[in-house]
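Just so you know, ligand 1 is whichever comes first in the structure, and atom 1 is the first atom listed for that ligand. Model, not experiment: these values are computed from the prediction.
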Amino acid sequence: MNSGALKTFLAQNEVQKLVQSLAHQINEDYKQVSTDENPLVIAITLKGALFFGADLIRELTIPVYVETIRVASYGASTQSSGKINLVKDLETDIKDKNILILDEIADTGRTLKFLTELFAAKSAKSVKVCALLSKPSRREVEVKLDYCGREVDDFFLVGYGLDFNEKYRQLKDISILFNA
Ligand code: IMP
Ligand code: MG
């Protein structure tokens, strides 16, 4: 799989440590508010956060309700088009619910800004954001990351859900892709 162009950035065990640390914080923060009657609604952003979501959610001990959403901002390149399209909405009413958005990486911030505003407009009780990774130097719009696994420099990363033209998602490590 063009492995010559990849350099490991976070090995599988390092990724899992970040996930566990995020889960620990979320378990603590929501333990008083998340009940069987009012579970925390987790919105996994497809497709990139699929693997992150699967791992993080299995570390949570609070009651959760799993949802998925899909937005598209990237075309067939490493640059965001800047325009966000809602491809797949939530399937449940989130009015008066606590919702936590999971994204694998915050880049320009446009996706997470779009989603937080969308969920606030649907009258969610609270909307928080959890990103495994963040590239602060790339931010174009302001977005609050309530939980962030790690800040990274402006590299194009692949693996653990992160893709380049749909490739590399299934890699267990997160790697830097050179010459994309
Ligand atoms: P934003 O809207 O620019 O913040 O983009 C967020 C989305 O772009 C992420 O959820 C990823 O799907 C994608 N993305 C941003 N940076 C990378 C990267 O380094 N590799 C792969 N996908 C990325
Ligand atoms: Mg994404």
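- Scored by the salt bridge (Lys or Arg N to Asp or Glu O under 4.0 Å) test, E91 finds K88 as partners (sequence neighbours excluded).
- The CG atom of L100 lies 10.5 Å from the CD1 atom of I44; values are rounded to the nearest 0.5 Å.
- With a heavy-atom cut-off of 4.0 Å, E104 touches ligand 1 through its side chain alone.
- Both the backbone and the side chain of T108 come within contact range of ligand 1, each with a heavy atom under 4.0 Å.
- For T45, no heavy-atom contact with ligand 1 is shorter than 4.0 Å.
- Contact of the N85 side chain with the V71 side chain is not registered, since no non-hydrogen atoms from C-beta on lie closer than 4.5 Å.
- Close approach to F155 involves these atoms of ligand 1, each under 4.0 Å from a residue heavy atom: 19 (O).
- Under the 4.0 angstrom criterion for non-hydrogen atoms, D103 is in contact with ligand 1.
- Taken from CZ in F52 to CG in D103, the straight-line distance is 8.5 Å, to the nearest 0.5 Å.
- D96 places none of its side-chain heavy atoms less than 4.5 Å from the side chain of N38.
- For ligand 1, the polar-atom distance check finds no N/O of V158 at less than 3.5 Å from any of the ligand's N/O atoms.
- Pairs passing the side chain to side chain donor-acceptor pair (under 3.5 Å) check and including a residue from residues 151-160, sequence neighbours excluded, read D55-Y160.
- For F164, no heavy-atom contact with ligand 1 is shorter than 4.0 Å.
- Within the 4.5 Å cutoff, side-chain heavy atoms of L177 are placed close to those of L6.
- Of the charged side-chain nitrogens involved, none lies within less than 4.0 Å of a carboxylate oxygen, so that R139 and E142 do not count as a salt-bridged pair.
- Under a 4.0 Å criterion applied to the non-hydrogen atoms of F156, ligand 1 contributes the atoms 17 (C), 18 (C), 19 (O), 20 (N), 21 (C), 22 (N).
- Look at F114 and you'll find every heavy atom at least 4.0 Å from all atoms of ligand 1.
- Residue I84 has no nitrogen or oxygen atom sitting less than 3.5 Å from a nitrogen or oxygen atom of ligand 1, judged on distance alone.
- Nearest heavy atoms, I174 versus G159: CG1-O, 4.0 Å.
- Of all the heavy atoms of K135, the ones lying under 4.0 Å from any atom of ligand 1 belong exclusively to the side chain.
- Both L56 and V33 belong to a common hydrophobic cluster when Ile, Leu, Val, Met, Phe, Trp and Tyr are linked at side-chain heavy-atom distances under 4.5 angstrom.
- Remark: ligand 1 atoms within the under-4.0 Å shell around heavy atoms of R110 are 2 (O), 4 (O).
- Counting the atoms of ligand 1 from 1 in the order shown, those under 4.0 Å from a heavy atom of I105 are 6 (C), 9 (C), 10 (O), 11 (C), 14 (N), 15 (C), 16 (N), 17 (C), 23 (C).
- Those atoms of ligand 1 with a heavy atom of D163 less than 4.0 angstrom away are 21 (C).
- Atoms of ligand 1 found under 4.0 Å from any heavy atom of T111 (numbered from 1 in listed order, with element): 1 (P), 2 (O), 5 (O), 6 (C).
- In terms of distance to the Mg ion (ligand 2), the nearest N, O or S atom of E104 is named OE2.
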